[in-house]
Amino acid sequence: MKKHLVFNPDRFPIFYGYLIVVMGTLGVWASLPGQTVGVSTFTDPVKDALGLSRDQFSIAYMLGTILSSLLISRAGRWFDRYGARAVAAGAALALALSLFVASVIDHIAGFFQKLLVDHWLVPFVLMVLLFFLFRFAGQGVLTMSSRNVVMKWFERLRGRVNAFSALSVSLGFSLAPVLIDGLITRYSWSGAWVVMGLALLVMTGLVLLTFRDSPEAYGLVPDGKAGRPNGKAIEGKTLRSFEPEEAFRTRAFWMYALILAFNSFFITGFTFHVVSIFESSGLPRADAISIFVPMSVVSVTVSLVFNMISDWVRLKILLYIMIGGSLLAAVGMTGIELGWGLYVLVVGQGISGGMFAVLNAVAWPRLFGRKYIGTISGKAMSMIVFASALAPVLFSFSYTRLGSYTWVAIPALGFLVFMALASLKANNPRLPESAADSGK
């Protein structure tokens, strides 16, 4: 069967893993319609077409995201059982079909309103279902499988190839709002979703053509060649893979998953309410929009540097850098009204966001091996998505019920102090006790 593959890894002119890096990066790009940055551009035209208020549309988004988070861990098991090719292609196809349905959602809602009852609950429920499909197939399964397939093809070079992928994704997502807005302007919101759906169909074909689950299945080894026995990279050593249930009993899993979930919570809540946060602090709207430029510069720089050196740096050091960045971001939130907090927030969230791109990719195979990376990272991804769903509402309650966004930052600081203390023993369970104490 392998002899007839158009892209045969063991006959490819270069190490096939490098093609996997490119295609995995494209897979993450293709998840854009299910990401917050890909959905937010459609908010105003779609809610107006359906007759929903901003609050109703936002709650539908939250409920759809929460529902998706409950199933993403199961998708991780699908990844381990059926492989990256089948799962990623299925997710891309599901996202494409959901986009085609979304492009006529106003007509579907109108049909059911005439058939059942003319009430806002009809388009509301339909949008909950669509957001569930967007978030589950896009942000969840397609992103997870595209990232994990790259991690399965590399060990000693994992951080360095992830530097390329993370930088490319960051730049692509930064341009996304402008590109999507251009599609909406030219084709309308429904036409833009059709165009994106067609692009996802093309991506489905590319996934089927190029994705391959692991180098070992084709007589190859990760990185293209075996490492030196005395190499400094931790993955140069033979280490066992953990069973998922075994991994979930370790402190390391929960500390890394929780800090990744916190970053998702904080940046989602901040982004969702950024204009209101600045206006309530007496700062102009223009400053709120422009803050993402320096934040992105810090984030991309941190991601690039620490991805490049992550193959040699102790994993716990990376964890504490991310905790430190999150602490700075939360402290900055409390001081925005005084002026100094804005700079601290930019630096802190830039560091935390950059480290998210590092740890969300390299931590799971480093801590628990490659064999069950789908199940293990899938559970972490479900926590990340769930946290992002709660953020807009909790940030909003902090302001509307308590009078200030500062109130959401105070418990965040307490949580991060807990994380710093609890992570002291979040050692790498794959290493002997003496090595684990060093924090690798």
Side-chain angles (χ1 to χ4, degrees), residues 25-50 52 54 57-58 60-62 64-65 68 91-107 123 126-127 129-143 146 165-204 206 264 267-268 270-275 285-286 288-293 295-296 299-300 353 357 385 388-389 392:
T25 302
L26 286 177
V28 179
W29 279 351
S31 74
L32 182 65
Q35 305 283 354
T36 301
V37 68
V39 173
S40 60
T41 316
F42 290 89
T43 297
D44 288 311
V46 175
K47 74 175 182 61
D48 292 343
L50 295 176
L52 293 174
R54 187 173 299 276
F57 197 81
S58 299
Y61 183 71
M62 179 190 72
T65 302
S68 73
L93 180 60
L95 185 56
L97 295 177
S98 65
L99 287 168
F100 292 142
V101 173
S103 69
V104 292
I105 191 62
D106 53 338
H107 299 293
L126 290 173
M127 285 312 304
L129 295 175
L130 273 180
F131 283 141
F132 161 73
L133 291 172
F134 284 1
R135 303 292 274 170
F136 178 70
Q139 185 197 26
V141 184
L142 186 55
T143 300
S146 298
S165 183
L167 179 61
S168 301
V169 169
S170 179
L171 293 175
F173 277 27
S174 297
L175 294 173
V178 176
L179 296 177
I180 293 175
D181 187 64
L183 287 176
I184 293 174
T185 300
R186 183 169 183 177
Y187 301 108
S188 80
W189 62 268
S190 59
W193 267 336
V194 170
V195 172
M196 295 167 77
L198 292 173
L200 261 297
L201 289 182
V202 173
M203 188 65 213
T204 302
L206 291 175
S264 178
I267 190 59
T268 301
F270 176 78
T271 303
F272 203 89
H273 297 286
V274 63
V275 173
R285 177 187 176 91
I289 303 302
S290 64
I291 192 176
F292 292 104
V293 176
M295 192 181 293
S296 296
S299 179
V300 169
V385 174
S388 72

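Residues: numbered from 1 along the sequence shown. No hydrogens, no waters, no symmetry mates; every other heavy atom, side chains included, goes into these values.
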**Prompt:** What class does the angle between the rings of Trp193 and Phe42 fall in, given that below 30° is parallel, 30 to 60° is tilted and above 60° is perpendicular?
**Reply:** parallel
**Asked** Could you walk me through whether Leu142 and Leu200 pass the side chain to side chain contact (heavy atoms under 4.5 Å, CB included) check?
**Response** CA-CA 11 Å; Leu142 186 55; Leu200 261 297; 4.2 Å; yes
Minimum heavy-atom distance between [X] and [Y], given as atom pair plus value:
| X | Y | value |
| --- | --- | --- |
| Ile184 | Trp189 | CG2-N, 4.0 Å |
| Gln35 | Tyr61 | C-OH, 4.5 Å |
| Ala91 | Val141 | CB-CG1, 3.7 Å |
| Gly197 | Ala96 | O-CB, 3.5 Å |
| Gly353 | Ser299 | C-OG, 3.5 Å |

Find the distance between [atom1] ([X]) and [atom2] ([Y]) and round it off to the nearest 0.5 Å.
| X | Y | atom1 | atom2 | result |
| --- | --- | --- | --- | --- |
| Ser98 | Arg135 | OG | CZ | 12.5 Å |
| Ser168 | Trp29 | OG | CH2 | 5.5 Å |
| Leu183 | Leu179 | CG | CG | 7.0 Å |
| Leu99 | Ser190 | CG | OG | 12.0 Å |
| Leu201 | Met203 | CG | CE | 12.0 Å |

**Request:** Begin with the C-alpha distance, continue with both residues' side-chain angles, and end with the deciding distance and a verdict on side chain to side chain contact (heavy atoms under 4.5 Å, CB included) for Val39 and Gln139.
**Result:** CA-CA 11 Å; Val39 173; Gln139 185 197 26; over 6 Å; no
**Asked** Which is it for Thr65 and Phe134 under the side chain to side chain contact (heavy atoms under 4.5 Å, CB included) test, yes or no, and what are the steps along the way?
**Response** CA-CA 9 Å; Thr65 302; Phe134 284 1; over 6 Å; no
**Asked** Is the backbone N or O of Leu167 less than 3.5 Å from a side-chain atom of Ser170, with the two atoms forming a donor-acceptor pair by type?
**Response** no
**Request:** Without swapping roles, check the side chain of Ser388 against the backbone of Val385 for a donor-acceptor pair under 3.5 Å.
**Result:** yes
**Side chain proximity check, Leu126 to Leu130, heavy atoms < 4.5 angstrom** = no
**Derivation and outcome, side chain to side chain contact (heavy atoms under 4.5 Å, CB included), residues Ile180 and Leu32** = CA-CA 10 Å; Ile180 293 175; Leu32 182 65; 3.9 Å; yes
**Prompt:** Looking just at side-chain N and O atoms, do Thr143 and Ser31 make a donor-acceptor pair shorter than 3.5 Å?
**Reply:** yes
